[in-house]
There are 2 protein chains.
Amino acid sequence: MEISKREEEYLEAMYLLYKKKGVIRVKDIAKKLRVRPPSVVDALKKLSEKGLVEYEKYDRILLTEKGREIAEKTYSKHLLLTEFFINILGIPPEIAEEDACQFEHYVHEITAERIREFAKYIQEQCPYVIKQFIKEHIEKEEKSKDTSKIEEVKDKHTS
Amino acid sequence: MEISKREEEYLEAMYLLYKKKGVIRVKDIAKKLRVRPPSVVDALKKLSEKGLVEYEKYDRILLTEKGREIAEKTYSKHLLLTEFFINILGIPPEIAEEDACQFEHYVHEITAERIREFAKYIQEQCPYVIKQFIKEHIEKEEKSKDTSKIEEVKDKHTS
DNA sequence: TAAATTCTTTAGGTAAATCTAATTTAGGTG
DNA sequence: CACCTAAATTAGATTTACCTAAAGAATTTA
């Protein structure tokens, strides 16, 4: 059974809502995925037919065992990638988050696992090198933040 | 003007065909992207309207300056990611290729650039650590290759 | 150069994912 | 407990990206 990228995103959103709030509501899924409620209902029907979601209209919404497994796998890739981007590459969190949000749906198991191992290995073998790399780039970002603030002020003055 | 992931893939395919063969043919684009020729024609019309492709039916197909720029940017991300996966993480080339093929369409400029810098930095600062990491994992792959060959043989015997 | 083959294109249709507008249901409140 | 509001659902339409079958153009070859 094929599961699309978008369906994976629905499952992940539901998984996170359940973890955070204990209930999964159409409205909240819609908000998280930036779509309108009817789109969510459509998706729920399909996912329910695929046996990934327990759904009957107006009733409580739950992931099935299978749905939860997929969501967990996806979300663990999300965390792994985000951490790698932030802690090893020194990417700003919002950007790291966005990159992870996409790649998590495509990255092969072996690549994900290798990234995990690499991060561990490199932090054990040469922690200082990583630290230095991060440090250099975070300084760069600070500078460009200052610049963009100045730009903002300029914008306000000219508009 | 919005350009979709799929459109980017068309541009990249055309760019590579042009580089390799000097001409871009519907049939070859179709083959590369695993679609049928009519789908390619549809795409060409849209890309032409967006000013990314020079296309008139039955005439030669070319990327415009703008189209070529996008394709080059995408392809350079492709190369960068593939190299990172292979040379730093030690991922098998076919898998590295597939992962890169997806992520190249989503990765932020800053992340791509940072990966490039990281690869350079780490290879300069601790080349031996990288070498060792790769070595350990390539050994693992060799073993699993052997295993899968044995599995294949078993399959033949039982089928 | 005419015929055969291959390539490209059009026509018409499908599936996934979205939307708006209108309707139905559920839950909270006077 | 009836009403009101907020949430969920249905109906119907749109867009993107694909497909098959059939037709038309270009190229190769006998």
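Here is how names work: the chains are called A, B, and so on, in the same order as the sequence lines, proteins then strands, and each is numbered from 1.
Listed by residue number, the members of residues 12-36 of chain A with any heavy atom below 4.0 angstrom from DNA chain D are A/Arg25, A/Val26, A/Lys27. Non-hydrogen atoms lying under 4.0 Å from DNA chain C are contributed by B/Lys45, all within residues 42-52 of chain B.
Shown here are the side chain to side chain contact (heavy atoms under 4.5 Å, CB included) partners of B/Glu124, two or more places apart in sequence or in another chain: B/Lys120. In this view, A/Arg6 and A/Ser4, A/Glu9, A/Tyr10, A/Leu33, A/Val35 satisfy the side chain to side chain contact (heavy atoms under 4.5 Å, CB included) rule, not counting sequence neighbours. Partners of A/Phe133 under the ring pair (Phe, Tyr, Trp, His ring centres under 6.0 Å) rule, at least two apart in sequence or in another chain, are A/His137, B/Phe118, B/Tyr121. Residues passing the ring pair (Phe, Tyr, Trp, His ring centres under 6.0 Å) test with A/His78 are A/Tyr75, sequence neighbours excluded. Under the side chain to side chain donor-acceptor pair (under 3.5 Å) criterion, B/Gln125 pairs with no residue at all, not counting sequence neighbours. Not a single side chain to side chain donor-acceptor pair (under 3.5 Å) links B/Glu109 to another residue, sequence neighbours left out. Legend: residues meeting side chain to side chain contact (heavy atoms under 4.5 Å, CB included) with B/Ile86, ordered by chain and number and at least two apart, are B/Thr82, B/Pro93, B/Ala96.
Under the side chain to side chain donor-acceptor pair (under 3.5 Å) criterion, no residue pair touches residues 30-45 of chain B, with sequence neighbours excluded.
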Exercise answer: donor-acceptor pairs, residues 48-57 of chain B side-chain atoms, under 3.5 Å, sequence neighbours excluded:
from    : atom 1 : to     : atom 2 : distance (Å)
B/Lys50 : NZ     : B/Glu2 : O      : 2.7
B/Lys50 : NZ     : B/Glu7 : OE1    : 2.9
B/Lys50 : NZ     : B/Glu7 : OE2    : 3.1

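Each of D/dC18, D/dA8, C/dT18 was ranked by its minimum atom distance to the side chain of A/Ser39; first place goes to C/dT18.
For D/dT16, neither phosphate oxygen OP1 nor OP2 lies less than 4.0 angstrom from any side-chain nitrogen or oxygen of B/Tyr10.
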Starting at the 5' end of nucleotides 22-27 of chain D, put B wherever the base has a protein heavy atom under 4.0 Å, S where only the sugar-phosphate does, and a dash everywhere else.
--BS--
